[in-house]
Amino acid sequence: MSAAITIAMPRMVPNQLLAEAHAKYPESLARAGAEMRWIELDDPEKAVQDALACDGLLLPGGGDIDPKFYGQERIPACGEPNVLRDTAEPLLLRAFLAADKPVLAICRGIQLINVALGGDLYQDIKPFAHVPHNDHWGKIHTVTVRRDTLLSRILGQDTVLVNSQHHQAVDKVAPGLVLSALSEDGIVEGIEKPDAKFCLGVQWHPEWLSAADPAMQGIFDAFVAACK
């Protein structure tokens, strides 16, 4: 019997109100045949060592990234930074890419990949968004998936209905990344790194939909398969 696949995931802000949201990630991974290991971020170098003992890295949702990391002044609509995550997660990402280990990034995670690799963000999409981006459970807008991308191969369809819970988004896509999905209002919903073994970011929250939607669970299945 083969050893279990273990996925590293940075510890999010401890908050009992977020317990349900936190549980969605390990539930989705378990359905794909993997277990999850929380990575504590207090010591970033130790966090990297602990994470690299795992087979893949999942960068989860969460609060806003400090705009100083992409050369912007913080606007009032931008949330307070999480110093631990902002410091440690780029190190985790770079370590996994250097080791050619798979990375899946969700919501804040897609933004983190883009910032860490040299792109930037819209600090607030509300002025130009014209579809809702604020419902974990409901499939509230359509995403168009670009053909011949990793995401299109996973989903097997050109459009997909998704949930959404964010007010920031990728603006300039980082060098070396390709855009793989857009919402109706032009907001980046998917990016990936074609020269990596598996490096995919999505702006929506497939972990909230995966129990009932095989396409959303398929994202986790493909990620875990790449970790084997």
Practice task
Report the C-alpha separation of His166 and Asn134 in whole Å, then their side-chain angles, then the decisive distance to 0.1 Å, and conclude whether the side chain to side chain donor-acceptor pair (under 3.5 Å) test is met.
Solution key: CA-CA 6 Å; His166 67 107; Asn134 56 355; over 6 Å; no

Side-chain contact test, heavy atoms from C-beta onward, threshold under 4.5 Å: evaluate it for [X] versus [Y] and give yes or no.
| X | Y | result |
| --- | --- | --- |
| Lys193 | Val103 | no |
| Thr159 | Val143 | no |
| Val202 | Glu189 | no |
| Ile113 | Leu177 | yes |
| Leu121 | Val115 | yes |
| Leu29 | Leu58 | yes |
| Lys68 | Glu73 | no |
| Met9 | Ile39 | no |

Indicate if [X] and [Y] have the same hydrophobic cluster label, given that clusters are the connected sets of ILVMFWY residues with side-chain heavy-atom separations under 4.5 angstrom.
| X | Y | value |
| --- | --- | --- |
| Leu155 | Leu209 | yes |
| Met216 | Phe198 | yes |
| Tyr25 | Leu57 | no |
| Phe69 | Ile191 | yes |
| Val162 | Leu104 | yes |

Looking at every heavy atom in both [X] and [Y], which two are closest together, and how far apart are they?
| X | Y | value |
| --- | --- | --- |
| His167 | Cys78 | CE1-CA, 4.3 Å |
| Ala32 | Gln217 | N-NE2, 3.6 Å |
| Phe96 | Ala51 | CZ-O, 3.1 Å |
| Ser210 | Arg31 | OG-NH2, 2.7 Å |
| Gly61 | Arg85 | O-NH1, 2.9 Å |
| Pro10 | Trp38 | O-CZ3, 3.5 Å |

Closer than 3.5 angstrom, by distance alone: can the side chain of [X] be matched with the main-chain N or O of [Y] as a donor-acceptor pair?
| X | Y | answer |
| --- | --- | --- |
| Glu35 | Ala4 | no |
| Arg94 | Glu89 | no |
| Asn114 | Gly119 | no |

Exercise for the section: For Phe220, check ring pair (Phe, Tyr, Trp, His ring centres under 6.0 Å) against everything at least two apart and list the hits. Expected result: none

Exercise for the section: Apply ring pair (Phe, Tyr, Trp, His ring centres under 6.0 Å) to His141 and list each qualifying residue two or more places apart in sequence or on a separate chain. Expected result: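 In terms of ring pair (Phe, Tyr, Trp, His ring centres under 6.0 Å), with neighbours along the sequence ignored, His141 is linked to His133.
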
Handout entry: Polar contact flag, side-chain donor to acceptor under 3.5 angstrom, Gln123-Gln72
Key = yes

Measuring from atom [atom1] of [X] to atom [atom2] of [Y], what distance do you get when rounded to the nearest 0.5 angstrom?
| X | Y | atom1 | atom2 | value |
| --- | --- | --- | --- | --- |
| Gln111 | Asp64 | CD | CG | 7.0 Å |
| Leu93 | Cys199 | CG | SG | 6.0 Å |
| Leu84 | Thr87 | CG | OG1 | 7.0 Å |
| Trp204 | Ile110 | CH2 | CD1 | 8.0 Å |
| Ser28 | Ile106 | OG | CD1 | 7.5 Å |

Between [Y] and [X], is the closest basic N to carboxylate O distance under 4.0 Å?
| X | Y | answer |
| --- | --- | --- |
| Lys46 | Glu40 | no |
| Lys139 | Asp213 | yes |
| Arg146 | Glu192 | no |
| Asp55 | Lys101 | no |
| Arg108 | Asp86 | yes |

Exercise for the section: Under the side-chain contact (heavy atoms from CB on, under 4.5 Å) rule, what do Ile65 and Leu112 come out as? Steps first, then yes or no, please. Expected result: CA-CA 7 Å; Ile65 298 166; Leu112 187 283; 4.0 Å; yes

Practice task
Please check if atom CD in Glu45 has more than 12 non-hydrogen atoms from other residues, nucleotides or ligands closer than 6.0 Å.
Solution key: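 No, because the 6.0 Å sphere around CD of Glu45 holds 12 heavy atoms or fewer from other groups.
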
Problem - Residues, nucleotides or ligands: over 12 heavy atoms within 6.0 Å of Asp195 CG - result: yes

Exercise for the section: Any chance you could lay out the side-chain contact (heavy atoms from CB on, under 4.5 Å) test for Arg147 and Asp158, step after step, and finish with the verdict? Expected result: CA-CA 7 Å; Arg147 294 183 180 182; Asp158 293 337; 2.6 Å; yes

Problem - Full working for side-chain contact (heavy atoms from CB on, under 4.5 Å) between Val178 and Val173 - result: CA-CA 7 Å; Val178 299; Val173 175; over 6 Å; no

Exercise for the section: Using side chain to side chain contact (heavy atoms under 4.5 Å, CB included) as the criterion, point out the one residue from Ile5, Leu200, Ile154, Ile7 that pairs with Phe223. Expected result: Ile7

Practice task
Could you check Glu207 against His205 for side chain to side chain donor-acceptor pair (under 3.5 Å), going step by step and ending with a plain yes or no?
Solution key: CA-CA 5 Å; Glu207 76 278 9; His205 282 272; 2.6 Å; yes

Problem - Residues that, via side-chain heavy atoms closer than 4.5 angstrom, fall in one hydrophobic cluster with Ile125 - result: Tyr122, Phe128, Ile187

Problem - Residues Leu117, Leu97; criterion side-chain contact (heavy atoms from CB on, under 4.5 Å); working and verdict - result: CA-CA 11 Å; Leu117 298 183; Leu97 291 177; 4.2 Å; yes

Handout entry: Derivation and outcome, side chain to side chain donor-acceptor pair (under 3.5 Å), residues Thr149 and Ser180
Key = CA-CA 6 Å; Thr149 59; Ser180 54; 5.0 Å; no

